[in-house]
Amino acid sequence: MDEINELIEQRIKKLEELRQNGIEPFGGAFYAENHANDLHNEYSSMTKESLEENKITCSLAGRIIALRDFGKAAFAHIQDTTGKIQLYFRKDLLGEKYSFVKKLLDIGDIIGLTGRLFRTKTNELTVEVNDFVFLTKSLRPLPEKWHGLKDIETRYRQRYVDLIVNPEVKQAFIKRSMIIKAIRDFLESKGFIEVETPMMQPIPGGATAKPFKTHHNALNIDLYLRIAPELYLKRLLVGGYERVYELNRNFRNEGISTKHNPEFSMLEFYIAYRDYNFLMSFTEELIPYVAEKTLGTLKIQYGDDIIDLTPPWQRLPMLEALESKGVPSEIFNDYEKARAWAIEHRIEINKNMSHGKVLDEIFKEMVEPFLIQPTFIIDHPVELSPLAKRKSDNPSLVERFELFISAREIANAFSELNDPMDQRQRFQKQVEAKAQGDEEAHWMDEDFVRALEYGMPPAAGEGIGIDRLVMLLTNSQSIRDVILFPQLKPEQ
RNA sequence: GGGCCGUUAGCUCAGCUGGUAGAGCAGCUGACUCUUAAUCAGCGGGUCGCAGGUUCGAAUCCUGCACGGCUCACCA
């Protein structure tokens, strides 16, 4: 941390001077009766004259964010959780205490006050302060009023300052909260219950990703931070819950970028006796519901695009999507041709990649960038989806969809594989891939197979990346703008 | 991990082909009872990211490192 500088020293002196005057600079509870924006809303129609006649008193608590001193009177702005409002301090009203405003009150200090509402000659609703108390003396100067805090690194490292001085940042996180609440409300209304399954797992499963490893001392075992809750949620289907969801953190030990944070929020939900077709319609209901609740519209701006969330959305089999971009269909059933095509088109592949994986790489290059409007890509190759149910008319494909919006995967869902023998074989294949050096291949999870052996009802499950959904709905270009404390290297 | 860019006062930024650091805001002192970028007068404030190197002389040129941004690779 930086050393005490002159500006902080000055403020410590003021703090001591307050104490010498018998004033505690760090106060306790203050039950304000009002908030800034409520006052603006409530009295917006009240004229200067009627405010004078009615003598409306109020009390507020918040942070001083601007201060203009005139000698025997001063204007300030105070900011609380709702917004800001102007204050007017007068010597003839405050007497001795006015000198504290003049000498000892700083921008950044938190005060509580009582006063009377009036309008200035420019008609700004203002509180004439009758009395005030120091609640918190601020020792560090805030960024300047004009340009504010711009430095991106400081904004992320000291998010608290970012939130004080950049109202739109605060707003984005309020929106995030609303989005998550809307999702929960929707799922609850459809009969889902929220559950919590282990974040620390002995076998990290349910996704293809590199996990974080940790160690439990008392048990003397290695544990992994979960990369997905999937396998535990499906155990709950075995247990008899028919509709469950979990909305919480996943952890993946991979690169950090504008689209990736090591810990990120994921919604996963599972519904018994349904399939992926049901979930497509369900998703066409869920996401518009959330957009309507939080933005009030289904036409949203993201970057340069206007995205129309009005359902229904296009449903496009993966192989058809490839064909539509000029990928020849003969590579779909011919591994060597697929490899050759990829190499010819400078798509990076490696020896370990299965046929399905090669097709997926081609898809990411040739198709994904064009999926701006909501599109379900359906029926993926089975190698890509070791936990999904095969299509009855084509066992090389699975009943799966990925929802793309603005060239990003927003949701991933499939009819769940509930055949324990097929599941065991697919795990086995993954174990072999792992032995071949595929760090992200699934592990064998014997207990999960055992659960399936008891019988899991036919079911469909879906995952939605919450951070990416929030990015979409808040028009944020970086995941760091929707995560309060994004992961950064430590200072120094 | 690769490439490109950035890091100068509390904040936002200037600082040319190398000559020894500036502004605005914030702060301090003073004046001012309707300002809102208040105004006016005066004052203080710097490890120029860190470490080396070149040079008579480095914020400036070179090398390495740190942190950050964008981007590519990997992924959600």
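Since this is a predicted model, take the numbers as computed values, not measurements.
When distances are taken from the side chain of Leu488(A) to each of G69(B), G27(B), U35(B), the shortest belongs to G69(B). Considering only side-chain atoms of Lys489(A), the nucleotide from G68(B), G45(B), U35(B) that sits closest is G68(B). With distances taken from any side-chain atom of Ile107(A) to the nucleotides C11(B), A76(B), G27(B), the minimum falls on G27(B).
Residue Asn253(A) is classed as having no contact, given no heavy-atom separation below 4.0 Å to the nucleic acid. Using a 4.0 Å heavy-atom cutoff across all strands shown, Phe118(A) reaches at least one base atom of the nucleic acid. Within the 4.0 angstrom heavy-atom criterion, base atoms lie near Lys72(A). Nucleic acid contact for Asp69(A): base, since at least one base atom lies under 4.0 Å from a heavy atom of the residue. Nucleic acid contact class of Thr126(A) (heavy atoms, under 4.0 Å, all strands): none. Nucleic acid contact class of Asp92(A) (heavy atoms, under 4.0 Å, all strands): base. Contact annotation for Thr208(A): backbone-only contact, meaning every heavy-atom pair under 4.0 Å involves sugar-phosphate atoms and none involves a base. Here Arg157(A) lies in heavy-atom contact (under 4.0 Å) with sugar-phosphate atoms only. Backbone-only contact: Ile152(A) has heavy atoms under 4.0 Å from sugar-phosphate atoms and none from a base. Among the atoms of the strands shown, only primed sugar atoms or phosphate atoms (P, OP1, OP2) are found under 4.0 Å from some heavy atom of Lys14(A). Using a 4.0 Å heavy-atom cutoff across all strands shown, Gly148(A) reaches sugar-phosphate atoms only and no base atom.
Annotation for Ala61(A) and Asp80(A): closest pair O-CB, 3.4 Å, computed over non-hydrogen atoms. Between Val367(A) and Ala321(A), the shortest heavy-atom distance links the atoms CG2-O, 3.7 Å.
A heavy atom closer than 4.0 Å to some atom of RNA chain B occurs in no member of residues 38-59 of chain A. The stretch residues 373-384 of chain A has no heavy atom under 4.0 angstrom from RNA chain B at all.
Residue ring and base: Phe70(A) does not count as stacked with C32(B) (centre distance below 5.5 Å and interplanar angle below 30° not both satisfied). The aromatic ring of Phe264(A) sits over the base of A76(B), with ring centres less than 5.5 Å apart and planes inclined by under 30°.
A donor-acceptor pair under 3.5 Å links the side-chain atoms of Arg159(A) to the main chain of Ile483(A), judged by distance alone. Between the side chain of Asn54(A) and the backbone N or O of Leu51(A) there is no donor-acceptor pair closer than 3.5 Å. Judged purely by atom type and a 3.5 angstrom limit, Gln430(A) uses its side chain to pair as donor or acceptor with the backbone of His442(A). The backbone N or O of Glu168(A) lies less than 3.5 Å from no partner atom in the side chain of Asn166(A), so there is not a single donor-acceptor pair. Asp467(A) contributes a side-chain N or O that, together with a main-chain N or O of Ser265(A), makes up a donor-acceptor pair within less than 3.5 Å.
Between the base of G10(B) and the side chain of Glu144(A) there is no donor-acceptor pair shorter than 3.5 Å. Judged by distance alone with a 3.5 Å cut-off, no donor-acceptor contact links the side chain of Glu153(A) to the base of U7(B). For U35(B), the base has no donor-acceptor partner in the side chain of Tyr88(A) [N/O atoms by modelled type, under 3.5 angstrom].
When each of Phe401(A), Tyr270(A), Phe186(A), Phe376(A) is checked for a ring pair (Phe, Tyr, Trp, His ring centres under 6.0 Å) with Phe282(A), only Phe186(A) meets the rule.
Within the 4.0 Å cut-off from OP1 or OP2 of G68(B), not a single side-chain nitrogen or oxygen of Thr154(A) is found. For U12(B), the OP1/OP2 oxygens have no side-chain nitrogen or oxygen of Arg155(A) closer than 4.0 Å. Contact annotation: Lys103(A) reaches the phosphate of G30(B) (side-chain N/O to OP1 or OP2, under 4.0 Å). Contact check, Arg480(A) against G69(B): a side-chain N or O comes under 4.0 Å of OP1 or OP2. Taking side-chain N and O atoms only, Lys91(A) has no distance below 4.0 Å to OP1 or OP2 of U33(B).
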For the pair Glu254(A) and Lys210(A), evaluate salt bridge (Lys or Arg N to Asp or Glu O under 4.0 Å) and give the outcome as yes or no after the intermediate values. CA-CA 7 Å; Glu254(A) 288 160 357; Lys210(A) 285 175 227 154; 5.5 Å; no

Take His345(A) and Ile362(A) through the test side-chain contact (heavy atoms from CB on, under 4.5 Å) and record every step on the way to the result. CA-CA 9 Å; His345(A) 290 80; Ile362(A) 295 171; over 6 Å; no

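Between Phe75(A) and Phe89(A), the gap from one ring centroid to the other reaches at least 6.0 Å. You'll find the ring centres of Phe485(A) and Tyr156(A) outside the 6.0 Å limit.
Remark: U20(B) base-pairs with no nucleotide in the shown strands. Criterion, Watson-Crick or G-U wobble with two distances under 3.5 Å. Base pairing annotation: U63(B) forms a Watson-Crick or G-U wobble pair with A51(B), both donor-acceptor distances under 3.5 Å.
Of the two residues near RNA chain B, Gln10(A) and Lys150(A), the one whose nearest nucleotide lies more 5' is Lys150(A). Heavy-atom nearest nucleotides on RNA chain B were determined for Glu365(A) and for Pro262(A), and the one closer to the 5' end corresponds to Glu365(A).
One atom, CD of Glu491(A), and another, P of A66(B), lie 16 Å apart when rounded to the nearest Å. Between Asn5(A) atom CG and A9(B) atom P the separation is 12 Å, expressed in whole Å. Whole-Å rounding puts the Met471(A) CE to A76(B) P distance at 15 Å.
To the nearest whole angstrom, the two C1' atoms, one in C16(B) and one in A58(B), are 15 Å apart.
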